Amino acid sequence: MADLPNDFWSAWIAIITVISFVALAWIVFSIYFSGKDSKTATEESVEPVWDNDLREGNNAPPLWWFWLIFSAMIFSVIYLILYPGMGAFKGVLNWSQDSRLDDSYEVYNDQFGDKRIEISASSLSKLQNNTGLMTTAERIFTRNCAACHGEDGRGQASLFPNLMDVDWQWGSSAQQIEQSIRLGRNAMMPSWQAALGDEGVDQVASYVMTIGSEEADSHPGKAQYNQFCVACHGADGAGNPLLGAPNLNDDSWIYGGSVEDIKRALVDGRNGVMPAFNDRLDDAQIKLLVAFLVR
Amino acid sequence: MNGMSLHKKLEENSALLIFGILFVSSIGGLVQVLPSLYQESLRTASVNTRPYDAVELTGRDIYIREGCSVCHSQQIRPIIAEVERYGPYSRAGEFVYDRPFMWGSKRTGPDLHRIGGKYSDDWHYIHLIDPRSVVPASIMPGYPWLAKRDVKTTDIQRKMRALKTLGHPYEEADIENSPSALEGLKEIDALIRYLQMMGTSFVEAEEEVQS
């Protein structure tokens, strides 16, 4: 309670604590050590007696109880001197939650700091050749990424992309992958329902299925594709890593590869969100992840 | 007088005994609880901490109704293992608009205090409906009905007014508009909005200091 509003409350806590302590000590000591009550004759006559001589208080409580209480009292005195407790008094050790946390971080950094700096400065290939570190990287991946990208990193739920294939929506270089992890990614494809109309959606979707094959050139959906889609996905459907626009001319799909899936992409739009990990992971962890993912 | 004769007096006079029990058991409260009611850091909102808006408040009530707090705590302890795992530890000032707060110590699932921004809305959506579809080993139950039920718009104004009387700084206009803010939302949407704002105020505040 280091930030009490004024001295009154600090004094309040300290005084009540001291008074209760003294009162407790008095009760304990008087029970054990004040000797027999000097009873007057009248008192003795009203006191209940069993079995001739058994009456309240004629056996002291066991002595080990006393030692137990006594050591607890010593403990609390030492505790209140060392640690915060007596009002605003911070304790001789100057302990606080924050200082404890800082201390643990100091130990942590002493233990791992150099290793972390070394990892951050290493080349990716060197990290990739170190099986121990790659196991660590895999563990970091499982802890932070598997919930979306799947335990094996191969994507799941038709929402989260496969990171183990050759297709990179946002680019395959180490820098681009690092940026995906650090800053996150926000894919922006609006709905095309209004622009294309129902029939247009059908036709363009069917065209997208044929991109890369011979029928594509004569396909009736091509005109609208060239009008609305090339800017991001490119004339050949190869995509654009600057915009996160995926490749449409291969067999790998984020959201599923049926005509229905593609129609849904056109009707609803697609806005995949990859959260930023800058604040949740440190440099060494991110570096390890990049080494784990980049090929 | 010594301890034994005090004992005898108390034992023979029940009114005195009752008073004595009340007096002794109040000491802990007088020392621990009473001063903390005046402690600034427990009373004032942290930087950026704001009262829940209509949607978040509704989501929070769904969270309470569904018993999410049975398995999830909302309090990150100030020890390194927790800070490394979940993020900055929880500050008292972040909970001034939580009535009741849901700190808890029962963790069948992970702590959720810094869940805001950790996942995307899409992820929460499928995870809430069927946790096993994204976390195969999960033992969290699915909540598919949340995606079907519309949020209740009829009691939100009364809720917000009640909180306003307790000191939550709502504008009258916010209260007026609250039913329309909820219009058309499913329960799952409100719950996700709540999850996505949880614990985000402190992180933002920290960034502000740095920049």
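Just so it is clear: chains get the letters A, B, ... in the order the sequence lines come, proteins before strands, and each one is counted from 1. What you see is a predicted model; the values in this text were computed from it and never measured. Keep in mind that the numbers below use all heavy atoms, side chains included, and drop hydrogens, waters and symmetry copies.
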More than 12 heavy atoms from other groups under 6.0 Å of [atom1] on [X]:
X	atom1	value
B:Leu166	CG	yes
B:Glu12	CD	yes
A:Trp65	CH2	no
A:Met164	CE	yes
B:Phe19	CZ	no

Residue pair [X] / [Y]: nearest heavy atoms and the distance that separates them:
X	Y	value
B:Ile80	A:Leu101	N-CD1, 3.5 Å
A:Arg100	B:Ile79	NH2-CG2, 3.5 Å
B:Lys118	A:Pro275	O-CG, 3.2 Å
B:Gly116	A:Arg280	O-NH2, 3.2 Å

Does any part of the side chain of [Y], heavy atoms only, come nearer than 4.5 Å to the side chain of [X], both counted from C-beta?
X	Y	value
A:Met274	B:Ser120	no
B:Tyr119	A:Val273	no
B:Val31	A:Trp12	no

*asked:* If I take atom CG from residue B:Asp122 and atom CZ from residue A:Phe160, how far apart are they, to the nearest 0.5 angstrom?
replied: 6.0 Å

Residue part contacting chain B, namely of [X], when any heavy atom lies under 4.5 Å:
X	result
A:Ala146	backbone
A:Phe8	neither
A:Asp282	neither
A:Ser20	side chain

*Which pairs with one or both residues in residues 72-92 of chain B pass ring-ring contact (aromatic ring centres under 6.0 Å, His included), sequence neighbours excluded?*
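Sorted pair list comes back empty.
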
*asked:* For chain A, which candidate among B:Val134, B:Val24, B:Leu34 shows the most heavy-atom pairs at distances under 4.5 Å?
replied: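 Heavy-atom pair counts peak at B:Val134.
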
_Let's test your reading of the structure: which of B:Asp121, B:Val135, B:Val83 forms the most heavy-atom pairs below 4.5 Å with chain A?_
B:Val83

_Listed once per pair and sorted, the salt bridge (charged side-chain N to carboxylate O under 4.0 Å, His left out) pairs that draw on residues 68-90 of chain B, sequence neighbours left out_ =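 As it turns out, the salt bridge (charged side-chain N to carboxylate O under 4.0 Å, His left out) pairs with a partner in residues 68-90 of chain B, which skip direct neighbours, are B:Glu82-B:Arg107.
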
*Is a donor on one side and an acceptor on the other found under 3.5 Å between the side chain of A:Gln97 and the backbone of B:Pro78?*
no

*Return the option, out of A:Thr17, A:Leu281, A:Asp98, A:Asn271, with the maximum number of heavy-atom pairs under 4.5 Å with chain B.*
A:Asp98

*A:Ala147, A:Gly150, A:Gly272: which one forms the most heavy-atom pairs within less than 4.5 Å of chain B?*
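So the answer, after comparing A:Ala147, A:Gly150, A:Gly272, is A:Ala147.
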
*Report, by ascending residue number, the residues of residues 185-195 of chain B in heavy-atom contact with chain A at a distance under 4.5 Å; give 'none' if the set is empty.*
none

*With A:Asp261, which residues qualify under salt bridge (charged side-chain N to carboxylate O under 4.0 Å, His left out), at least two apart?*
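By the salt bridge (charged side-chain N to carboxylate O under 4.0 Å, His left out) rule, A:Asp261 matches A:Arg264.
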
_Between B:Ile126 and chain A, with a heavy-atom cut-off of 4.5 Å, which part of the residue counts as in contact: side chain, backbone, both or neither?_
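Side chain only.
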
